[in-house]
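Below is one structure; the comments refer to it alone.
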Amino acid sequence: MNLAQLFYWGLPTTALVIYFVLLASITFSEKTKASIAYLPMLVCLIAWMTACVFTQLEAFPGCLFWARTQLLAIVCTLYSMYVFCCVFTRLMFLRRLLYWLVPLAGFAALSYTDLVLRDVRVVKGANPLSGDFPPFPSVTYDLGPLAAPMFILLGLFVLHSLAVMLRHARKNDIPPRKVLLLSAGLFALCVGLLFNLVPGAANYPYDILSGLVCALLYFSALYRENASITRFSLPRSLVLSAFTLIMTFAVLCVVCLIRAVLSAFGALDSLIILGFLTFLLILVIRPVLNLFIRFADTVFYKNELHREQCLSGFTQSIANSLDLPFINRRLAEVISELCGTQKVHLMLHDEKAGNYYTLRSGVQLQDPRLYLKRDNPIIAWLAGNPGCLTQEELARRPQMRALWDDERRLISENNIRVFVPVRSGGRLIGILLLSEKKTGAEYDKQDFELLMGLSDAAGAAIDNARLYRHVQQDAQTDGLTGLFNHRFFSKYLLEQLTQPGRLPVSAIMLDLDNFKLYNDLYGHIQGDIALKQIAEIMTRVVGEKGVCARYGGEEFIVILPLCDSNKAFGFAEDIRTEVRRQFGRNDTASYGFLTVSAGICTYPYTASNRDELISRADNALYYAKGGGKDQSVIFTSESDLKILKVGFDSSPQYLTTVYALTAAIDAKDHFTLGHSQNVARYANALVSELKLAPYSGTVIQHAALLHDVGKIGIPESILSKPGRLTAEEYGFIKQHVEMSVKIAKHLPAVDNVISAIIGHHERWDGKGYPQGASGEQIDILSRCLCIADVFDALTAFRPYKQPMTQEAALKVIEENSGTMFDPQLVAIFIRLVRQGKISTQVTPSGR
Amino acid sequence: MPEQKLKNTKQDAMWDEYCGFLSLSTNEYMDIQRRLLSEQLALYCDCELGRRMLNGKRPASVSEFRSASALTTYGDYDDILLQHVESALPQKPAAWIETPWKGGNRPVKVIPHTQSMLDNFSRLLVALFLNLSVLTNRRVTLKQPEDITGIAPPALLTGLMPYLLNEGLPVRYTCRCPSINGLSAQQRSAEGIRLGMTRNPGVVLGSSGALAGMSSLFWSENAGDSTLPELLKTTFFPNYRFFKAVKKRRQHGCAVRPRDIWQPRGLISMGSDAGHLKKKIEDVWGMRPLELFATAETGGIAMEPAAGDGLCFLPDAGFYEFLPMDELEKSLLDPSYRPKTYLMDELIAGRSYELVFSSFKGGVFSRCRLGEVFRCVALTDEENGILFPQFFHVGKTPDVIDITDYFSFTESTINDAIRLSNLDILDWFAVKEYDAHRNAGMHLYVEIGSQTVISGAVTPQVLHEHLSIYFRYLDTDYPQLKQLTGCDPMRITILPTGTVRAYIGITGCALRRMNPSRHEVTDILRMAFGESEEAL
């Protein structure tokens, strides 16, 4: 058989096989509108080819019938192609089909009359062995009068189809890629048909070739749109059974061949040869069978197998892993491989904030803004529904109207197409965000099933890894502040000092000033809140440059690798000023207390080992505290501590200052002249009787002198007003306590008087001001100050009242015992007055 | 690419996308409101306008927002908006929409709209067309490109609407008239009719007053058979369809109605009295209109679904608060009173409320009173699957008497007309009334000075003539009101001198001049004319 014969007979055979394979793949695959529209076209092509072959074979009922059937098949093929294009592109109007249907159907019907085709003659081919040309039958057609109009109409129809497609492509209604394939198929078919009109060429089956090319191009277009059409749903056992049958047939052939060969050589009766050949056959069959199975799997179940292998590999790899980044990376890899996703982001639930944050991955660049707030409707939807959420559903679901514009923009900018819930124990612990596919195709049902399977498999592993990470974090972090604890810090510091390329390493030791006082005044809960705030400030300032740890109590330490003293000083100052800004921004007395002092030391410049680094930073810190607090100090040498920044003058001339301030308030309010001294005297006597700590006398003395210093800020018209104060004026007067505290806290040497001052207008029953503290919540010195203050006010002259006698004043104090005053202190105070240990000295006094 | 989107999207998916909000429960609805308010507050707190309106506060919740911001009106924003100070706004506007400011400090007010707000409006219009498609048994088809012709420029809300519609549906818009600012109301309507005569309109969108009053543009009801159609005299050119309708009218002896000339596939009404005039529009056009509520301040925020009988507010177009009528009246009598407002899930069916609107998506308004009153017709409509409140648009607040969208009587315009006319009117009050054909009008009750009563010629007709002249002087649209609505917009009743004062003396309460309550009017008329049925 020569090449021409091979082409002549082999092409229809090959085409037939390919058509049936295509038909099978469409029939057994998931149906879409386009794939259903492809089927009639395929059937028409098969009919066309069959009619063509039967014409040449002059099969029953005759070549004229088959030739006419061929014409009908051509018309039907062209028409079904147009239908396919309409359905496939979804933009070409089916209504136009009806306009074409009438003339085409007419011509198709006429093709069985003499008007189109009168007769067909088949000339048998010459003997191939003789070498005559052509070696196969040639067909001659006798066309009727309507043949030409029919071909013109078909030509117009094809041109119309091409024009419509190109017009839509130009308007960008259809992707050019789609149009290219469809137009190429149509063009190929037309060329094949035209070849039939060329004398000589008509003897060859160019039309069958063009039909095959067209069918393959259209199938390719269909495949690009929906890859699932090649996924057979035939059971694997059925396919293997079919191969077994083929194998049996092949073995039979081999046996027959061997038998023929052996009989030719007369060795059919030789048992040795027969036994040897049987042994060889048995040896060969098994590998060949395996080869067949692998072939079947490769051809029919390649994707499924690949998926299974990937899934199994993924499950095994993450099963025993507690490394969250590794699980994330594997998940991204497997999704990318199986679905062709460009980018995969894993978001994990943050239990504190309730939001979902993207887990950082070293594999791909991620948008740091990509996170979902806890009230995001996507989260609510994923938590309450079983499946994935697609981008299309974001537009469709009315609940998604609650999405912010920024959130929509972010989803759009990151090309997020699918949200996959990751659950563990029914809780939504994470969300997988998938960007578009590399091919640009849409995610289909099989992808969603796969993604849900992957997320289910990953859910438990992610949850375990998260728990492990939490346990790990808990072991190395401080529970209150969230900073690293002492144990971690020690380990980390050692690593930094021993690791090459991390020097110089600086340590900043930070201590909160007045923290005990803050705790005493506002309670330990407020103190804890302050510690957390300061820890947040430190974390924010230091960021990724170093590590912050809680050293103990109110002491913190910052380790800064690759950082010299000057840079470390910058960090320390940033922390110090931020603390000052944050705690000093409010006008109330409860703020402004907390400041930080910092000591800085750098290895290897001013310390030779780990212990020295810590102790010297600590020394610098002590120097900063002793130097007036609220400052940063760099350790330079044991003997020379360089103070780079001092917050204020730390001169210990505080006593002078106290007296100066007392004089200032006396000068401001003539009626309070001597009041502070009187109160100091009374309070001092009372405190001495109480046998408190040795320094209490000094503290109460200073507190009494300064307790009304805040009146400097009260308008004189209010202080000296002879009549009753209005509510607004009384409000002004009440502010003097906070103002006194504000002034006193700038005297570092006497800042221990603040707790006494701030409570001197508090009442035992909690109805006082500024904090409304009650009972023993009020500092004992404040309670003493309160009694002394009122006693002097009662026995002193006021613009609106005459001074009371000592007894009358004591009576008033006694009446208010248990409501305004501490009853125990009242009893002691009254006893002291009556014993003469406290004697009144009438002075003009203020409010 | 709306055409491509329509091709690629199934009908039910489109319904879900645009009309899916109709299936929200009240809780889901409020969740959307709260979440989008927090988005708006994040934008609003960082701009000059927001800081001013929120007194520098940064509210973190709905309740904090409501306590931080006082109720406002357009006048609170005019210094920034009229100057187009974009730097003071929460977001850069995509369009500035202007609208007449009747009774305001300037002839027009301008309102910035961000792209997101316009997108929302566009979606509302598509939703309305989808409902229209359902209502008309798919005679309004969404798949074919619609040709839209209009006369309003894009600076006006109605002029912008075709462009917005084009974002969601395949429409081809031709604006025939570059500006209609110089045209009177009648000329505008005539221009619209002229356009309608050149082609059969598919969907007609118009103000309810214009749609309902279109019959009177063709034919004056008072005119005899021999009279030429009013419109034909001036702006209208003869048309086959029109003459066919006139012929039919002569055969049946009735007035020409739009339904005799056109057979549109769908009808959308908007504006003042859309609810009141629905029946009349249905009568003259032969089909039920769907109502759209849109103002220049808000954009489109509510629509009437095909299955349902009330306006549904979009959950993502703005934050809605509702001021009950008793609170509204208190605030009208005492401007310093801070009235209480209620949220969508706190309303009571059957009660009327003034809408208080706060913008979303970078808009400018914070708790702005628009002067629009709605009655909550039902809290849910389970039969049609709507689970949040639906509303009937009652009209303007009582301090305004609006006659169609073209003209409004306010206390200041009436005072101006009285002052300019030099009539000896001692006291007056005005009430909005509807006639038997559901046409709105103002009934003005006046008291004349006793000397004038004795010496002058004072009849309601004389007063009517006098005041009409000055209303015409104050607003050029006034002369066309009769033509547009088909009835006289003003009716006058003269009360005996001293009636109002006597009534105030008896009751001890101040009488509101604009739209006093029906009980007050009845009592005053009873005092003035006794129990005469005619007077009442």
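In the text below, chain A, chain B and the rest are named by the order of the sequence lines, each starting its count at 1.
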Q) Using a heavy-atom distance cut-off of less than 4.5 Å, which residues of residues 25-32 of chain B contact chain A? A) Glu28(B), Ile32(B)
Q) In Å, rounded to the nearest 0.5 Å, how long is the span from CD of Glu17(B) to CZ of Arg401(A)? A) 8.5 Å
Q | Proximity breakdown for Asp406(A) and chain B, heavy-atom pairs closer than 4.5 Å | A | backbone
Q: Against chain A, work out which of Gly362(B), Ala42(B), Gly20(B), Pro315(B) has the most heavy-atom pairs shorter than 4.5 Å and name it.
A: Gly20(B)
(Q) Surrounding CZ of Arg408(A) (heavy atoms of other residues, nucleotides or ligands, distance under 6.0 Å), is the total greater than 12? (A) yes
Q) Checking Leu314(B) against chain A: side chain, backbone, both or neither under 4.5 Å from a heavy atom? A) side chain
Q | Distance, nearest 0.5 Å, that separates CD of Gln40(B) from CG of Asp405(A) | A | 10.0 Å
Q) Would the number of heavy atoms belonging to other residues, nucleotides or ligands and lying under 6.0 Å from CG of Asp46(B) be above 12? A) yes
Q: Please say whether more than 12 non-hydrogen atoms of neighbouring residues, nucleotides or ligands are located less than 6.0 Å from NZ in Lys92(B).
A: no
Q) Which pair of non-hydrogen atoms, one from Trp404(A) and one from Ser38(B), has the smallest distance, and what is that distance? A) CZ2-OG, 3.3 Å
Q: Using non-hydrogen atoms and a 4.5 Å limit, figure out which bit of Glu407(A) sits close to chain B: side chain, backbone, both or neither.
A: side chain
**Q.** chain A contact via Ser23(B) - side chain, backbone, both or neither, heavy atoms under 4.5 Å
**A.** side chain
Q. Quick one: of Gln33(B), Lys361(B), Arg35(B), Arg34(B), who has the most non-hydrogen atom pairs under 4.5 Å with chain A?
A. Arg35(B)
Q | Test: Asp16(B) and Arg397(A) ion pair at under 4.0 Å | A | no
Q | Atom of Leu36(B), atom of Ala402(A) and distance for their closest heavy-atom approach | A | CD2-O, 3.5 Å
